[in-house]
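Accompanying notes for the structure given below.
Values below: every heavy atom of this structure, side chains too, minus hydrogens, waters and symmetry copies.
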Amino acid sequence: MVTDTIADMLTRIRNAHMVKHQIVQIPSTKMSAAIAGILKEEGYIENFEYYLENDKKYLLISLKYIGQSRKPVISKIKRVSKPGLRVYSNSKELPRVLENLGIAIISTSQGVMTNLNAKKLGIGGEVLFYIW
């Protein structure tokens with residue numbers, strides 16, 4: 001039983017990158033699917049698809065690598081808001097990750113989005129994690 005599905009997703013991606021796996025299997029939730037969609041839009045993963053096994057839904061995420069040495073596109077993922085300590089930010093104080101070279105994933109009232117999109121819309125929310 002996993003209590004923090006977002007942290008579990010990020011850890012599975014981190015571990016798969018360390019051993020240079022092409023795909024990683026993650027239990028499917030609405031939040032993990034929304035996060036995978038953003039990672040695909042931003043170019044951090046190749047693709048993702050749903051997979052059904054023993055009446056349980058999973059996401060299969062295709063990881064992205066660069067060059068012959070297969071250097072991962074994702075160099076670091078850092079969880080910010082945790083179940084024991086939620087971190088919120090208003091629209092004026094949204095985090096900038098490496099001077100906008102990376103992104104922060106924000107859970108807002110209008111759905112999950114990047115810090116740049118939330119800034120454009122002028123809304124704040126819970127800062128889930130940073131990625132670069």
Side-chain angles (χ1 to χ4, degrees):
M1 181 74 185
V2 176
T3 57
D4 188 2
T5 57
I6 298 170
D8 179 57
M9 175 184 185
L10 300 178
T11 300
R12 287 176 188 236
I13 290 172
R14 251 187 250 116
N15 291 342
H17 267 311
M18 282 195 293
V19 293
K20 301 203 186 302
H21 282 187
Q22 187 61 40
I23 60 171
V24 61
Q25 180 178 336
I26 296 169
S28 178
T29 62
K30 288 181 183 179
M31 182 66 81
S32 62
I35 291 171
I38 290 172
L39 293 179
K40 181 181 175 189
E41 282 176 20
E42 297 293 324
Y44 288 102
I45 62 172
E46 286 285 336
N47 202 357
F48 72 97
E49 62 184 44
Y50 293 97
Y51 171 69
L52 190 65
E53 180 181 293
N54 299 333
D55 295 331
K56 293 183 181 176
K57 268 183 132 175
Y58 293 97
L59 282 175
L60 289 179
I61 296 179
S62 300
L63 301 175
K64 198 172 187 179
Y65 296 95
I66 300 170
Q68 293 284 42
S69 62
R70 292 182 48 89
K71 183 178 181 245
V73 170
I74 299 171
S75 59
K76 187 138 186 174
I77 301 175
K78 184 175 187 233
R79 182 81 158 114
V80 177
S81 187
K82 299 172 182 152
L85 178 63
R86 300 290 184 187
V87 177
Y88 296 96
S89 180
N90 63 30
S91 62
K92 294 179 180 129
E93 297 172 357
L94 286 170
R96 292 179 58 182
V97 181
L98 293 179
E99 298 300 321
N100 292 335
L101 292 176
I103 60 171
I105 304 295
I106 313 288
S107 176
T108 68
S109 59
Q110 296 183 11
V112 180
M113 60 183 70
T114 65
N115 57 337
L116 303 175
N117 289 343
K119 185 88 167 172
K120 274 186 213 166
L121 295 174
I123 55 177
E126 182 181 355
V127 182
L128 299 176
F129 63 92
Y130 302 144
I131 186 167
W132 66 90

Just distance, no hydrogens or angles: give the donor-acceptor pairs under 3.5 Å from side chains in residues 28-47, sequence neighbours left out.
from: T29; atom 1: OG1; to: S32; atom 2: N; distance (Å): 3.0
from: T29; atom 1: OG1; to: S32; atom 2: OG; distance (Å): 3.0
from: S32; atom 1: OG; to: T29; atom 2: N; distance (Å): 2.9
from: S32; atom 1: OG; to: T29; atom 2: O; distance (Å): 3.1
from: K40; atom 1: NZ; to: N47; atom 2: OD1; distance (Å): 3.2

dist T5:OG1 -> L10:CG (nearest 0.5 Å) comes out at 9.5 Å
Hey, quick one: are V97 and I74 part of the same hydrophobic cluster, counting side-chain heavy atoms closer than 4.5 Å, chains of contacts allowed? no
Common cluster, L98/I106, ILVMFWY with side-chain heavy-atom separation under 4.5 Å: yes
Hey, could you give me the CG/CG distance between N54 and L52, rounded to the nearest 0.5 Å? 8.5 Å
Which side-chain N or O atoms in residues 120-132 pair as donor and acceptor under 3.5 Å with protein atoms at least two apart or in another chain?
from: E126; atom 1: OE2; to: S81; atom 2: OG; distance (Å): 2.6
from: E126; atom 1: OE2; to: R86; atom 2: NH1; distance (Å): 3.0

For H17 and P72, which heavy atoms make the closest approach, and how far apart are they? ND1-CB, 3.2 Å
Hydrophobic cluster membership, M18 vs I77, 4.5 Å side-chain cutoff: no
Does L94 offer a backbone N or O that forms a donor-acceptor pair with the side chain of N115 under 3.5 Å? no
Verify same cluster id: I105, L85 (apolar side-chain graph, 4.5 Å): no
Residues pairing under salt bridge (charged side-chain N to carboxylate O under 4.0 Å, His left out) where one sits in residues 1-14, two or more places apart or in two chains, turn out to be D4-R79, D8-R12
Using every non-hydrogen atom in the two residues, find where Y65 and H21 come nearest and quote the distance to one decimal. OH-O, 2.6 Å
Checking N90 side chain against K92 main chain: does a donor-acceptor pair fall under 3.5 Å? yes
Should Y50 and V112 be regarded as members of a common hydrophobic cluster, given that ILVMFWY residues are connected when their side-chain heavy atoms come within less than 4.5 Å of each other, either directly or indirectly? yes
Over all atoms of both residues, closest heavy-atom pair of K56 and Y58: O-CD1, 3.6 Å
Keeping K20 on the side-chain end and R70 on the backbone end, is there a donor-acceptor pair under 3.5 Å? yes
